[in-house]
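Written out below as structure tokens is the structure these notes cover.
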Amino acid sequence: MNLHEYQAKDILKGFGVPIPPGEVATTPEQAKALAEKYGTAVMVKAQVHAGGRGKAGGVKFCKTPADAFEKATAILGMQIKGLTVEKVLVTVAADIGSEAYVGIIVDRARKKPVFMVSAAGGIDIEQVAAETPEKIKYHPVDVRYGLQTYEAMQLGFFLYQDVKLARAAAKIMQQLYAAFMASGCSLAEINPLVVTPTGEVLAVDGKMVIDDNELDRKPAVAALRDESSEEPSEVDARNNNLTFIKLDGDVGCVVNGAGLAMATMDLVKYYGGEPANFLDIGGSSNPEKVVNALRIITADTNVKAILFNIFGGITRTDDVANGIVTATKANPLKVPLVIRLTGTNEEIAMKILTENGFSASSDMDEAVQKAVALAKGGK
Amino acid sequence: MNLHEYQAKDILKGFGVPIPPGEVATTPEQAKALAEKYGTAVMVKAQVHAGGRGKAGGVKFCKTPADAFEKATAILGMQIKGLTVEKVLVTVAADIGSEAYVGIIVDRARKKPVFMVSAAGGIDIEQVAAETPEKIKYHPVDVRYGLQTYEAMQLGFFLYQDVKLARAAAKIMQQLYAAFMASGCSLAEINPLVVTPTGEVLAVDGKMVIDDNELDRKPAVAALRDESSEEPSEVDARNNNLTFIKLDGDVGCVVNGAGLAMATMDLVKYYGGEPANFLDIGGSSNPEKVVNALRIITADTNVKAILFNIFGGITRTDDVANGIVTATKANPLKVPLVIRLTGTNEEIAMKILTENGFSASSDMDEAVQKAVALAKGGK
Amino acid sequence: MSVFINKDTKLVVQGITGRDGSFHTKQMMEYGTQVVAGVTPGKGGQTFESTVPIYNTVADAVSATGANTAVIYVPPPFAADAIMEAADSGVQLVVCITEGVPVLDMTKVYPFVKERGIRLIGPNCPGLISPGESKVGIIPGRICTPGPVGVVSRSGTLTYEIVYQLTRAGIGQTSCVGIGGDPINGTNFIDCLAAFEADPHTKAVAMMGEIGGTDEQEAADFVKHHMTKPVVGFIAGQTAPPGRRMGHAGAIISGSAGTAAEKIEAFEAAGMGVAKRPLDFVELIKARLK
Amino acid sequence: MSVFINKDTKLVVQGITGRDGSFHTKQMMEYGTQVVAGVTPGKGGQTFESTVPIYNTVADAVSATGANTAVIYVPPPFAADAIMEAADSGVQLVVCITEGVPVLDMTKVYPFVKERGIRLIGPNCPGLISPGESKVGIIPGRICTPGPVGVVSRSGTLTYEIVYQLTRAGIGQTSCVGIGGDPINGTNFIDCLAAFEADPHTKAVAMMGEIGGTDEQEAADFVKHHMTKPVVGFIAGQTAPPGRRMGHAGAIISGSAGTAAEKIEAFEAAGMGVAKRPLDFVELIKARLK
């Protein structure tokens, strides 16, 4: 789950990271009032889950409250990478002497959180990594011990020669690490970390991505989810414990397991079709999930055929069969349905389906080819 | 540093440990008022840094407020192992179904905090350890990971068969561990941990000993020190960064290093004398320490001779010499002084002493024999 | 005849009385796995299906029954603790089926398990099966048959799919190992490839990867330099749009190091067979067993 | 000729610009120790005494100078971090002089150091000296002289006392190691006894213990079963009242396992010589060197 800049900054502030004052506005009037309150130049920054806000014109410097009003008017309602800007962050504009990058990600290979720091901040760290990799220092953290002061100081000295700045940066890195761990992040970054002309070290932008698996035990973090900034069908799916990603094709797919779901999409394409979505009903199944999956898929008017591909392990195929029966009884389908189903409790499932007038195959290639053909209006 | 029961309980309560309500009283009137406020039977418990309070009559059950007044009158001012009771804890008397022991100490051999738990609580755990060692479970904690839930549950099941009680105890152990680590303890214990007839698990007594080395960085814990309950000369010494323990002999000893200080005491005894104290001026020395050491030792009227035994390493013997000169100029000594001094900056030290009319030896046995003789009025 | 588990595997089931745990324990018992104990705190002293003794802790279960392997079916918030409990109990192999374990929990669990020299498989995995000998986890037993192919996969159901197709084509398996799709797991492709290379009965290996991460590239490198046996690989997610997370934490293309194209290229560079779709495994493996 | 340090010891001093650090660095340099670097954050680029380069971090110091040993003179709140920094920098030996390190810090530092296979001596110790070769720490150099006796002690100044008396009696030392009196330290008696047993130049060992703990008893057991060389022991605190802490965290008699009488008994049972007072070492060692 992505957090907005203002949310990430609120968390970081709670861990002691120095951040310029700022508040959220949803109207130009509010933005103007905040600029007046701060009595200094401000930045007005679009709060959307998209990178490249600056390039898209979503981040503006405002000298006066009137200026803030004007810029907020322009930014609010703007579209950035398909997302509508509903909120702006109005924040005191910091004097910027230098810009550094500080980030933490969970690294698969090292099996640890890894710091990435670079004195070349303010821009895409991916670009720095690609063009001048020597400007990035990577530092894995052993979570059994946490980030020690000496490690933070090594990172601080990588950014700054001056010991005062290095110490300030080291402290911020320890605070960032604490926030990262406490919030259940998979990524947390400060970009840019700024040194002002007076020698203050400040976090001018902040980003956090939360591991979705943490949300159940971190209700305060979970409450930060902003559903207004996401695809409604994906929100609906998530709220029903389904993993759903909308795509542009016409073959609706309901699969259990991410690997098989991807392989199913691949096979749809292999046989000349286009998947309409990725949908994983997950491991432990219950009929309700199937009902919700069908509701979400059929809401997409592009869908011309629906393909179930279920290989029962922990998922019981009889649960899936029951779900199909229940869902189609309540809301009869308007598009053809192809069912492929095998594995745990397959016999029971087949019986349920047959008794309710459905046919099902146990062969994946056969089912996919059939669904692709049906979507094309064939058969 | 020892904490009083009420202080330890306050800390444990802060970590969530369930504890019967209680407050401190310094007068019988206050004790009575508290008993009235709780409206139930209470315990009145002497708050002194001494074990065996119960056997000494310092812990009493009081059915009524009048009873509490009477018992508090008896306990306040009472002497327990040489310490005067200045405070009592008035606490709601818990119904006691069973009593267990839960403690954590830092174990030298395992180099870890170690839990000791026993269903045989309420009495001295040393007695249980000596007589029925199989009734104690020891569990070292790897501080890199902390006390995991499964470990706490193993301990919980060692105490209680019932899963609800085991879970409650496990939670308390995790809270106790958190309090232990956060407060910088060398020992923390709950004895007894009580199960009430209604199935509540409660900490009815609590004890904490803080590692003195933690106090500088834990001001809130350091502030709990109750100097009124300690030997004044030892308080004075500690406040001047000296380690001092008053003994019954007549040879005052000023030594640098605990090992050498003990060996000096041993040697005093070897040559027929009795040391008046243990006094370690520590490693990094400054003349001020010597001044304070002499002040504290000479306040003891038993002292008949003073022996300095300084072997300079990190301690500079010139600092010690300067201290002796300064202190004796300000307050001329009334008892003879024997100085043994060698090691770092010995030449400078000897020069300082000679110039100021002191003689000094570099031989320990010689100096100790001389001091013993002087204390006996010889030479 | 197999890797990691065999006829001598003595299993303790953590979460044996839960919905999934009880269902799959029955399946494992039916398959012939020696299920010697179950664990559910508070149910110590009871029995499961009138035969399997239940204990309050894994330590109790292991000391009473000599279990050497643990399988975990507990909800995600308790999974990390369950893995550590198992790793501390004396078993040598821990298989964690639970899906949804927070990745930061695994940053702590991983060194804990490694320090004890224990093998962890999973989390978020279907477990493993050595056909005809033992099954630990949730892989449906009837889709497998004994034979010469080692199977290793990051995916659950995709594994079943491929094993099922192999079995239907008469190609049996020594062992099938689902290593799980989470960013941090206990056993990786290389661990399994090395085990299959060492197993005298394995003659060829089928390996199913996914987009995201670089495990498949490293595995390909291992195949190139350390394997004498033929390996056929597959990558799921060839058509996945970049930057979107496809269910598995694993199935996200981060940077440029995790696309299907790169992984397939690595397979080809290592001289591995490459299956374009699951069904292709049948012919590719068949050709390599000759 | 020595254990742990010798002519090839290349030392980095942490806290080189502090009061104690600068004083004792000069002493070590005068003694002939190769002090190759110092560390004080913020003073990187400067030099100490115009000759020793100062770095901001130990890692920088080690990579620039090839230091293989670190000695720590930083205040107690920073000592644990300094030990870990040194242990992570590539040096093989870390000597922590600092007194007053919280024991819970050491519960974390100890496994950190062990995992890296580094030897830590201390904290709260005087360091060590191999007379004529190298001195790391604060043991006064002029009280030592080369010779055949290994010295190991929990105490600081008591070590000096005994070494001084040996030297005055013409008995030299291979190495003198002060292991420190804290409850948790990096190197114990047994580590040192084993090193002296393995050192061909050491012909006898003098060992100074204290009341508290059971380290001396375990050391005696080691002497009995694994040492061919004679060992003479001493216990400080024979007259200490029970239950009182005598300065050192070590010097407290807890339970019944740490009295002087018990320790002396263990020495005797192990066939060790027992010194009743420091001076006794001279005759006891002399007799054993013949």
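Reminder, nothing fancy here: chain letters follow the sequence lines and each chain counts from 1. Heavy-atom basis, side chains included; hydrogens, waters and symmetry copies ignored. This is a predicted model, so every value here is computed, not measured.
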Exercise. Taking the side chain as C-beta and beyond, is there a heavy-atom pair between Met265(B) and Gln238(D) under 4.5 Å?
Worked result: no
Exercise. If you measure from the Lys or Arg side-chain nitrogens to the Asp or Glu carboxylate oxygens, is any gap between Arg168(D) and Asp363(B) under 4.0 Å?
Worked result: yes
For this session: Using non-hydrogen atoms and a 4.5 Å limit, figure out which bit of Pro126(D) sits close to chain B: side chain, backbone, both or neither.
Result: neither
Exercise. Short question: side chain of Thr157(D), backbone of Asn256(B) - any donor-acceptor pair under 3.5 Å?
Worked result: yes
For this session: Could you check if a side-chain atom of Ile211(D) sits within less than 4.5 angstrom of a side-chain atom of Met262(B), using non-hydrogen atoms only?
Result: yes
Exercise. Does any heavy atom of chain B fall under 4.5 Å from the side chain of Ile162(D), the backbone, both, or neither of them?
Worked result: neither
For this session: Flag the pair Asp20(D) and Arg316(B) as a salt bridge only when some basic side-chain nitrogen lies within less than 4.0 angstrom of an acidic carboxylate oxygen.
Result: no
Exercise. Are Leu104(D) and Glu214(B) side-chain neighbours, meaning at least one heavy-atom pair lies under 4.5 Å?
Worked result: yes
Problem set entry | Inter-residue atom distance Glu274(B).CD - Thr239(D).OG1, 0.5 Å rounding | 8.5 Å
For this session: Please flag which part of Asn185(D) lies under 4.5 Å from any non-hydrogen atom of chain B: side chain, backbone, both or neither.
Result: both
For this session: Measure the CG-OH distance between Asp280(D) and Tyr270(B) for me, rounded to the nearest 0.5 Å.
Result: 5.0 Å
Problem set entry | Straight-line distance of Lys276(D) NZ to Leu267(B) CG, nearest 0.5 Å | 13.5 Å
Problem set entry | Pro76(D) versus chain B, the contacting section by heavy-atom distance below 4.5 Å | neither
Exercise. So, do Phe311(B) and Ile143(D) sit near enough that their side-chain heavy atoms are less than 4.5 Å apart?
Worked result: yes
Problem set entry | Value rounded to 0.5 Å, distance of OH in Tyr160(D) from OG1 in Thr342(B) | 12.0 Å
For this session: Report the distance from atom CD1 of Ile138(D) to atom OG1 of Thr315(B), rounding to the nearest 0.5 Å.
Result: 7.5 Å
For this session: Using a cut-off of under 4.5 Å on heavy-atom pairs, state which of Val106(B), Asp216(B), Asp365(B) scores highest against chain D.
Result: Asp365(B)
For this session: Look at Asp266(B) together with Arg277(D) and state whether they make a salt bridge at an N to O cut-off of under 4.0 Å.
Result: no
Exercise. Below 4.5 Å, heavy atoms only, C-beta onward: do Arg108(B) and Pro183(D) meet side chain to side chain?
Worked result: yes
Exercise. So which part of Asp248(B) gets closer than 4.5 Å to some heavy atom of chain D, the side chain, the backbone, both or neither?
Worked result: neither
Exercise. Are there more than 12 heavy atoms of other residues, nucleotides or ligands under 6.0 Å from atom NZ of Lys135(B)?
Worked result: no
Exercise. Do Arg19(D) and Asp319(B) sit within salt-bridge range, that is, some charged N less than 4.0 Å from a carboxylate O?
Worked result: yes
Exercise. Do Lys111(B) and Met106(D) touch side chain to side chain, with heavy atoms closer than 4.5 Å?
Worked result: no
